[in-house]
Protein chains: 2
Amino acid sequence: MAQKGFVSSYLLYLLAAVSDRASAQFHAHVRKAGIRVPEWRVLACLVDGDGAMITELARLALMEQSRMTRIIDQMEARGLVRRGADAQDGRRVLVHLTDAGRVLAERLVADARAHEAEVLAALDPADAARIRPLLSALLARLEAEAASPGGAGRRDGAAAATPEMPGAGG
Amino acid sequence: MAQKGFVSSYLLYLLAAVSDRASAQFHAHVRKAGIRVPEWRVLACLVDGDGAMITELARLALMEQSRMTRIIDQMEARGLVRRGADAQDGRRVLVHLTDAGRVLAERLVADARAHEAEVLAALDPADAARIRPLLSALLARLEAEAASPGGAGRRDGAAAATPEMPGAGG
DNA sequence: GCAAACAATATGAAATTTCATATAACTGGG
DNA sequence: CCCAGTTATATGAAATTTCATATTGTTTGC
């Protein structure tokens with residue numbers, strides 16, 4: 001075990017390793033439910049707000065658009081989602097849950113919440129309370145920097161150029 | 001931005017998203033240096049301790065062994081590493097840095113430290129001080145649980161009751 | 001109301017990754 | 001010593017992922 005070197009305390013390694021190991025158990029559960037991890041991510045996004053663009057799903061699932069297109073192909077073939085048109089913009093494809101997809105998605109989201117509670121229970125209560133706000137703040141900073149690469153630290157959330165998930169707001 | 005739904009506050013999403021976005025900039029830098037991300041991970045591990053088993057490199061780089069074997073093939077072909085024997089165990093292949101590999105590795109590790117400092121500077125000082133110990137503690141817990149899946153984190157003894165439980169062994 | 005620029009999705013082909021398994025070497029029991 | 005069980009690495013074949021680009025639709029500037 002690498003105990004003392006560069007890697008074991010490198011922030012980007014810790015983030016990747018924690019993400020990987022924390023997800024491993026739940027991802028195994030997802031596969032037992034008969035779907036793969038990227039498909040689970042799509043289902044979770046669609047439970048949050050049905051009818052999402054392929055590009056937005058790809059962004060949220062941390063993957064490239066052309067890959068998401070093919071994942072939606074497979075999910076559609078298996079009856080979990082269906083493609084629909086966007087009345088506002090003919091280029092867009094809105095992905096919707098089918099009834100079967102919604103049943104599976106809601107079950108898995110419930111399982112995910114239970115698993116999340118277990119992971120948090122493995123931490124000291126003080127750390128458990130801090131970790132989410134800390135990660136949220138860091139994510140917001142990182143996304144703000146990516147949106148305006150020149151200046152560090154934008155506070156105004158001006159990435160509003162990013163379209164919302166259609167239909168999410170009601 | 002992702003406002004109020006399940007995904008945007010889900011711990012496993014936050015971990016994956018922060019890891020992905022925090023790494024994106026540095027990974028772009030790595031690619032400009034002419035290598036890919038898994039190769040960078042191998043170099044970083046070998047700077048920490050030269051002469052590492054393929055299986056151990058795979059574990060540290062969060063990937064499967066057969067993939068690591070092929071990554072080492074490519075790095076060896078490009079003169080970054082060489083394979084050597086282990087005097088203690090003839091099954092093992094020890095991967096060593098070449099001189100060229102070490103030059104590149106040491107440069108990139110220095111760059112990684114600088115980038116890490118930038119990421120930490122984007123956080124409040126209090127959070128910056130907490131994040132590494134917090135992630136280290138969580139990683140240690142997760143690895144301990146993976147090693148002894150019935151015991152460590154759980155006190156309630158009810159795990160066997162529900163085979164569908166998301167966290168318990170799957 | 002057209003042309004250029006931009007945006008969303010799809011797709012062929014190449015490269016990578018996974019899965020199952022082969023091969024070789026170590027371990028411990030008889 | 002030999003056997004069965006286990007560990008470390010490698011590899012063929014299938015599946016997935018990436019890259020570049022095609023296609024279609026929208027927006028902007030004139």
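Letters go in sequence order (proteins before strands), and every chain restarts at 1.
When the nucleotides D:dT26, D:dT9, C:dA10 are ranked by their closest atom to the side chain of A:V93, C:dA10 comes out on top. Relative to the side chain of B:S66, the nucleotides C:dT17, D:dT16, C:dA20 differ in distance, and C:dA20 lies closest.
Of the side-chain N and O atoms in B:R83, one or more sit less than 4.0 angstrom from OP1 or OP2 of D:dA10.
For the pair B:R70 CZ and D:dA10 C1', the computed distance is 8 Å after rounding to whole Å. Atom CE of A:M53 and atom P of C:dA10 are 11 Å apart (whole Å). Atom CD of B:E64 is separated from atom C1' of C:dT21 by 14 Å (rounded to the nearest Å). We find that CD1 of B:I71 is positioned 15 Å from P of D:dT11, with the value rounded to whole Å. The distance from atom CG of B:D86 to atom P of C:dC26 is 9 Å, rounded to the nearest whole Å. A straight line from CZ of B:R92 to C1' of C:dT23 spans 18 Å, rounded to a whole angstrom. Taking atom CD1 of residue A:I54 and atom P of nucleotide C:dA8, one finds them 12 Å apart after rounding to whole Å. If you take NE2 of B:H27 and C1' of D:dT18, they are 17 Å apart, rounded to a whole angstrom.
The nearest heavy atom of DNA chain D to B:T55 and to A:Q88 marks one nucleotide each, and the one closer to the 5' end goes with B:T55. Comparing A:R36 and B:R31 by the nucleotide of DNA chain D that holds the closest heavy atom to each, the one mapping nearer the 5' end is A:R36.
The base of D:dT26 is not paired with the side chain of A:R91 by any donor and acceptor separated by under 3.5 Å. Between the side chain of B:Q65 and the base of D:dA8, no donor-acceptor pair under 3.5 Å is found.
A distance-only check finds no donor-acceptor pair linking the side chain of A:R21 to the backbone of B:E143 [under 3.5 Å].
A salt bridge does not link B:D124 with A:R141: none of the charged nitrogens is closer than 4.0 Å to a carboxylate oxygen. For the pair B:D73 and B:R83, the salt-bridge criterion is met [side-chain N within less than 4.0 Å of a carboxylate O]. Ion pairing between a basic and an acidic side chain is recognised when a charged N comes within 4.0 Å of a carboxylate O; B:R67 and B:E64 show no such pairing. Salt bridge present: A:R59 and A:E56 bring a charged side-chain N and a carboxylate O closer than 4.0 Å.
In this structure, A:M68 reaches neither bases nor backbone, as no heavy-atom distance under 4.0 Å exists between it and the strands shown.
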